[in-house]
2 protein chains.
Amino acid sequence: MERTRSAILTAAASALARDRSATLPEIAKAAGVGRTTLHRYFPDRDTLIRAAVEDSVEAIGEAVTEARLDQGTPVEALHRLVTAYLHVGDRLVFLFNDPHVMRGYGVEQPEEPVTADPVLDLITRGQRDGAFDDHVSPQWIQHVLWALVYTGIEEADRGTMSRHGVAATVIRTLERGILA
Amino acid sequence: MERTRSAILTAAASALARDRSATLPEIAKAAGVGRTTLHRYFPDRDTLIRAAVEDSVEAIGEAVTEARLDQGTPVEALHRLVTAYLHVGDRLVFLFNDPHVMRGYGVEQPEEPVTADPVLDLITRGQRDGAFDDHVSPQWIQHVLWALVYTGIEEADRGTMSRHGVAATVIRTLERGILA
DNA sequence: CGGAAGTGGACCGTCAGCGTTCCATTCTTG
DNA sequence: CAAGAATGGAACGCTGACGGTCCACTTCCG
């Protein structure tokens, strides 16, 4: 069943986000599935993790696409992007804590020029329009964005901040820093 | 020898920062020490990690103390703090990636009020003086600070940015955000 | 020089997690 | 309802990491 596969991948991302050394039985239980079934879908741990990474990348990619970053002003788009990221928090945290998928993307890509990243497109557009700081590299802005969203998610998970307050706070700090 | 103990703890923090599932022999080798010696100083893995955490907390604490955060304007102090953090990058990354020491501090603390954190003192002072944004909590600012420093360290490790450029960039983004 | 302390290579028993298989049970579907 | 597919509990062997020990070797100092 495709439904099972999806549930496993989601649960795996969630469980591994919390504890990257989560055991296979733990993941299976989190997915509401027996260890045998888990093994049936993903023969070994490595396969599972790769699939989970791929699935999360895809899910996040969809969320970003839906955010329509090419529409409206860069600042408006940025707001939608942050919101979108927060909605896929688990997967984002999972990718963030993986053997640092972020740098090489872990999943082998056949030398894709990667020029087609909507987020980087938005950032460069914002810099061109004079909306975003162009004294720093687009990559830096992207990483800062990830870091702040990640921090916000932690805050929400811990209960320190309300789910909604997080978005506003992340955006505020992202845009204007911490100075008064 | 106290020298050996220190070398082990430093190497452990460094190795575990890169790969938190680093094996004991790996840590021993990183410390330039035999597995037996490692075992002599720290009977089991858990003891080693606790000691490494404690050691790192202490080292960072010293670096913060030396930054004299109560001197000069909050902004000046913040600059020194960021620089100090970057100098103890390895340990910071180690603590950051630990079973989330950051939240509960992992190391048992007997209900210390924790009121004596120079960093939080600086932040609240900055907010009181009208230097820092007081629409967000001091904790949030602290976490953002950590996150940005962490991001900067990654950048430096990856070679994306020069060691010196990192400090300037982190401070710039921390202070004024990503808007132009 | 000689003993004490520290070091580390080698070895070993244990154990948790993994990969694999078997099989009874449940769920689907024609 | 019956055949087939899917599920998951149970058991097993394997492997890698760990905790622990023994012992030869170096270093240091009386």
Side-chain angles (χ1 to χ4, degrees), chain A residues 1-56 90-91 93-101 106-108, chain B residues 1-56 90-91 93-101 106-108:
Chain A
M1 212 177 193
E2 189 58 27
R3 176 114 191 103
T4 306
R5 179 187 158 88
S6 175
I8 291 177
L9 290 178
T10 302
S14 178
L16 290 171
R18 277 186 236 99
D19 173 15
R20 87 167 59 188
S21 64
T23 186
L24 288 188
E26 283 170 5
I27 295 174
K29 181 182 294 180
V33 133
R35 200 166 91 84
T36 309
T37 301
L38 175 61
H39 175 260
R40 201 182 316 273
Y41 281 83
F42 306 97
D44 58 79
R45 186 188 181 85
D46 198 60
T47 305
L48 170 62
I49 291 187
R50 280 178 203 280
V53 167
E54 194 174 353
D55 180 68
S56 290
D90 268 3
R91 316 226 119 93
V93 172
F94 165 58
L95 289 189
F96 221 83
N97 288 339
D98 216 43
H100 283 273
V101 186
V107 195
E108 81 300 325
Chain B
M1 211 178 199
E2 188 57 29
R3 176 113 190 103
T4 305
R5 181 188 157 89
S6 175
I8 290 178
L9 291 178
T10 302
S14 178
L16 290 172
R18 280 187 233 98
D19 174 13
R20 86 166 58 188
S21 64
T23 187
L24 288 189
E26 283 169 5
I27 295 175
K29 181 182 294 179
V33 133
R35 201 167 93 80
T36 308
T37 301
L38 175 62
H39 175 262
R40 201 184 315 274
Y41 281 82
F42 305 96
D44 58 80
R45 185 187 182 86
D46 198 60
T47 304
L48 170 62
I49 291 186
R50 281 179 203 281
V53 167
E54 193 175 352
D55 180 68
S56 289
D90 267 3
R91 312 213 124 101
V93 171
F94 165 57
L95 288 188
F96 221 83
N97 287 340
D98 218 41
H100 283 276
V101 186
V107 195
E108 81 301 328

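Just so it is clear: chains get the letters A, B, ... in the order the sequence lines come, proteins before strands, and each one is counted from 1. Excluded from the calculations below are hydrogen atoms, water molecules and symmetry mates; all remaining heavy atoms, backbone and side chain alike, are included.
Summary of the strand contacts: B/Gly32 and A/Thr23 both lie near DNA chain C, and taking for each the nucleotide with the nearest heavy atom, the more 5' one is attributed to B/Gly32.
If you measure from atom CZ of A/Arg3 to atom C1' of C/dC27, you get 16 Å, rounded to the nearest angstrom. Atom CD of A/Glu26 is separated from atom P of C/dG17 by 7 Å (rounded to the nearest Å). One atom, NZ of A/Lys29, and another, P of D/dT7, lie 19 Å apart when rounded to the nearest Å. Residue A/Tyr41 contributes atom OH, which lies 7 Å from atom C1' of D/dA6 at whole-angstrom precision. In this structure, B/Leu38 atom CG and D/dG19 atom P are separated by 9 Å, rounded to whole Å. Between the CZ atom of A/Phe42 and the P atom of C/dT20 there is a distance of 15 Å, given to the nearest Å. B/Ile27 places its CD1 atom 12 Å from the P atom of D/dA17, with the value rounded to the nearest Å. Distance, A/Ile8 CD1 to D/dA6 C1': 12 Å, rounded to whole Å.
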Can you give me the N/O atom pairs linking the protein to nucleotides 20-25 of chain D at distances under 3.5 Å, or say none if there are none?
{"unit_1": "D/dG20", "atom_1": "O6", "unit_2": "B/Arg35", "atom_2": "NH2", "d": "3.1"}

Close N/O contacts between protein and nucleotides 28-30 of chain C (under 3.5 Å):
none

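Checked against D/dC18, C/dG8, C/dG19, the side chain of A/Arg45 finds its nearest nucleotide in C/dG19.
Among all heavy-atom pairs drawn from A/Phe94 and A/Ser56, the shortest one is CD2-OG, 3.5 Å. Closest approach of A/Arg20 to A/Arg45, counting heavy atoms only: O-NH2, 3.5 Å. Nearest approach of B/Leu24 to B/Leu38, heavy atoms of both residues: O-CD2, 3.5 Å.
Separating the CZ atom in B/Arg5 from the OG1 atom in B/Thr10 is a distance of 10.5 Å, to the nearest 0.5 Å. Here the straight-line distance linking atom CG of A/Asn97 with atom CZ of A/Arg18 works out to 12.5 Å at 0.5 Å rounding.
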Output side-chain donor-acceptor pairs under 3.5 Å for residues 26-36 of chain B, partner residues at least two apart or in another chain, one line each.
{"unit_1": "B/Glu26", "atom_1": "OE1", "unit_2": "B/Thr23", "atom_2": "N", "d": "3.0"}

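Side-chain contact between A/Leu9 and A/Leu48: present, with at least one pair of heavy atoms (C-beta onward) separated by less than 4.5 Å.
The salt bridge (Lys or Arg N to Asp or Glu O under 4.0 Å) search around A/Asp55 returns A/Arg91, not counting sequence neighbours. Residues meeting the side-chain contact (heavy atoms from CB on, under 4.5 Å) test with A/Thr47, sequence neighbours left out: A/Phe42, A/Pro43, A/Asp44.
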